[in-house]
Amino acid sequence: MHPEAETPASAPAPAAPPTAELMEQLLYEVKRVVVGQDRFLERVMVAILAGGHLLVEGVPGLAKTLTVRTLADTLRGQFKRIQFTPDLVPSDLIGTRIYNQKTGDFSTVLGPVFANLLLADEINRAPAKVQSALLEVMQERQVTIAGETHRVPRPFLVMATQNPIETEGTYPLPEAQVDRFMMKVLVDYPSDEEEFVIVQRAIGAPITPVAVATTAQLAALQAECRNVYVDPSLIQYAVRLVSATRRPEAHGLKDMGRFITFGASPRASIGLTEGARALALMRGRGYALPEDMADLAADVLRHRVTLSYEGLSEGLTPDALIERIMRAVPMPAKPLEHERLVA
């Protein structure tokens with residue numbers, strides 16, 4: 001057989017169209033129900049592909065819960081929703097041991113965290129001991145009940161929502177909990193045109209999304225995301241951005257150190273790299289570019305930068321400081337295609 005005849009059978013290129021088609025179907029089904037919120041929906045897809053958890057903040061009525069619920073309906077996986085309230089206890093999340101009087105034995109009842117997609121609605125309405133119950137499962141994908149370890153289904157993603165305008169009856173998230181979220185996304189009000197369509201859909205016939213993907217297909221997408229090439233210069237760029245939140249004076253930002261109490265952890269560098277991979281895959285590329293990482297920088301860093309009292313008193317926000325860091329830390333040159341192939 002001629003050598004050229006064997007090339008199509010051995011080349012991995014035909015795998016790309018099904019991936020793009022599947023992601024397009026997922027987005028299409030969600031947007032049949034959710035109007036606008038394109039940037040928020042893109043971040044949700046990035047979190048899913050990168051296998052990271054997502055914290056969503058916005059005022060009531062902006063379709064935060066609806067988006068996550070609709071996305072879960074498009075996936076043939078287990079979906080659980082927990083409404084966080086002040087009277088919750090950790091066993092309401094992870095499960096507990098129950099004594100059976102008839103048999104004299106203890107049986108384990110698993111909690112709602114045993115799902116592929118877990119929606120923690122208004123997570124800041126539960127006390128710290130309840131929020132901390134998610135620490136192990138978010139990091140290790142397992143829970144420990146009475147000394148026995150139980151693994152949650154794969155893939156596993158936590159998407160939490162919180163309301164920023166109400167302080168009564170809310171609790172701040174522990175720093176260890178916040179750091180386990182790959183991104184914190186801020187959701188804003190829709191435009192007038194989008195709100196017009198929202199009202200039209202609300203008064204019309206309800207739209208039921210169709211399940212178009214399985215958990216196996218989602219796991220395959222996550223595996224493909226990890227094969228996206230990331231140039232070492234991009235990893236160095238991520239490390240420099242994160243380092244600038246801890247030691248801004250080392251990056252030419254001498255007056256910024258007094259505004260920051262704590263900077264981002266190494267999880268931020270990992271989140272920037274993994275997120276850039278996912279965004280590159282969504283944009284139809286097999287390699288990440290500096291623009292991919294720059295687009296995600298604010299979402300990955302904003303909840304990991306703790307402002308000092310002086311920064312708060314001057315009305316600064318983490319986003320404002322991250323913007324200054326982005327201007328001070330130069331982006332690397334785009335990796336060349338032949339360099340990527342050689343690597």
Side-chain angles (χ1 to χ4, degrees), residues 26-27 29-35 37 39-95 110-127 130-139 141-143 152-164 166 169-171 173-174 177-178 180-187 206-209 211-215 218 222 299 303:
L26 286 171
L27 291 172
E29 287 299 323
V30 175
K31 292 190 72 64
R32 286 178 59 218
V33 179
V34 180
V35 180
Q37 304 294 5
R39 184 178 178 278
F40 168 44
L41 185 55
E42 182 185 61
R43 296 310 189 258
V44 172
M45 293 300 299
V46 167
I48 288 179
L49 291 176
H53 308 296
L54 189 67
L55 179 61
V56 185
E57 183 177 287
V59 299
L62 299 184
K64 302 184 298 295
T65 304
L66 178 63
T67 300
V68 178
R69 181 189 294 276
T70 305
L71 184 61
D73 291 339
T74 64
L75 301 171
R76 297 184 183 93
Q78 294 178 320
F79 168 69
K80 298 288 180 64
R81 177 180 181 270
I82 304 175
Q83 184 66 49
F84 278 65
T85 56
D87 60 346
L88 276 182
V89 294
S91 60
D92 293 330
L93 275 63
I94 64 174
L110 301 179
V113 297
F114 287 85
N116 297 113
L117 182 57
L118 177 66
L119 173 59
D121 211 1
E122 293 192 283
I123 190 173
N124 58 334
R125 291 203 173 275
V130 179
Q131 298 171 7
S132 298
L134 292 175
L135 291 178
E136 181 184 10
V137 70
M138 290 177 68
Q139 182 66 30
R141 267 65 173 182
Q142 67 181 31
V143 298
V152 295
R154 294 293 186 98
F156 174 75
L157 300 168
V158 175
M159 296 192 183
T161 66
Q162 66 178 11
N163 180 357
E166 288 183 292
T170 62
Y171 303 84
L173 271 65
Q177 170 90 29
V178 172
R180 278 165 169 78
F181 286 102
M182 176 184 173
M183 292 184 291
K184 178 181 179 181
V185 181
L186 306 180
V187 184
I207 300 174
T208 303
V212 297
T214 64
T215 53
L218 178 57
Q222 291 177 336
D299 297 312
H303 57 299

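It should be emphasised that the depicted structure is a prediction, and the values quoted were computed from it without experimental measurement. All values below come from the heavy atoms of this structure, side chains included, with hydrogens, waters and symmetry mates left out.
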Excluding sequence neighbours, so at least two apart, what forms side-chain hydrogen bond (donor to acceptor under 3.5 Å, both in side chains) with Q83? R81, E122
Evaluate D73 against T208 for side-chain contact (heavy atoms from CB on, under 4.5 Å), listing each step before the verdict. CA-CA 9 Å; D73 291 339; T208 303; over 6 Å; no
Does some side-chain heavy atom of R180 sit less than 4.5 Å from a side-chain heavy atom of L135? yes
Check L117 against A72 and note the closest heavy-atom contact, atom names and distance. CD2-CB, 3.5 Å
Interatomic spacing from CZ in R69 to CG in L119 - rounded to 0.5 Å: 7.5 Å
For a 4.5 angstrom cut-off between non-hydrogen side-chain atoms, does I123 reach F181? yes
Give me the atom names and distance for the closest heavy-atom approach of P155 to Q222. CB-OE1, 3.5 Å
Over all atoms of both residues, closest heavy-atom pair of D87 and D92: O-OD2, 4.4 Å
After noting the C-alpha distance and the side-chain angles of D121 and F84, does the key distance pass the side-chain contact (heavy atoms from CB on, under 4.5 Å) rule? CA-CA 6 Å; D121 211 1; F84 278 65; 5.8 Å; no
Could you state the interatomic distance from NE2 (H53) to CZ (F156), rounded to the nearest 0.5 Å? 6.0 Å
Evaluate the side-chain proximity of L93 to L88: yes if any heavy-atom separation is below 4.5 Å, no if none is. yes
Scanning both residues in full, the closest heavy-atom pair of I207 with V33 reads O-CG2, 4.0 Å
Under a 4.5 Å cut-off applied to non-hydrogen side-chain atoms, are L118 and L134 in contact? yes
If we ignore angles and hydrogens, is there a donor and acceptor under 3.5 Å between the side chains of Q162 and E57? yes
Are V137 and Q142 side-chain neighbours, meaning at least one heavy-atom pair lies under 4.5 Å? no
What's the separation between atom CG in L55 and atom CG in L173, rounded to the nearest 0.5 Å? 6.5 Å
R39 and D299 ion-paired at < 4.0 Å: yes
Using a distance-only test with no angle check, is there a side-chain donor-acceptor pair under 3.5 angstrom linking N116 and T215? no
Nearest-0.5 Å distance, CD1 of residue I48 to CG of residue L54: 9.0 Å
Do V34 and L41 come close enough that some side-chain heavy atom pair is under 4.5 Å? no
Can you tell me how far apart CZ (R43) and NZ (K184) are? Round to the nearest 0.5 Å. 15.0 Å
Which atom of K80 lies closest to which atom of F114, heavy atoms considered: NZ-O, 3.7 Å
Side-chain heavy atoms of R125 within contact of T85, under 4.5 Å: no
Once side-chain hydrogen bond (donor to acceptor under 3.5 Å, both in side chains) is applied, do any residues pair with R154, and if so which ones, sequence neighbours excluded? none
State, to 0.1 Å, how close P209 and T74 come at their nearest heavy-atom pair, and which atoms those are. CB-CG2, 4.2 Å
What distance do F40 atom CZ and T67 atom OG1 have between them, rounded to the nearest 0.5 Å? 4.5 Å
Working note: V46 + M183, criterion side-chain contact (heavy atoms from CB on, under 4.5 Å); need CA distance, chi angles, decisive distance, verdict. CA-CA 10 Å; V46 167; M183 292 184 291; 3.9 Å; yes
Is there a side-chain contact between L71 and M45, using heavy atoms and a 4.5 Å cut-off? yes
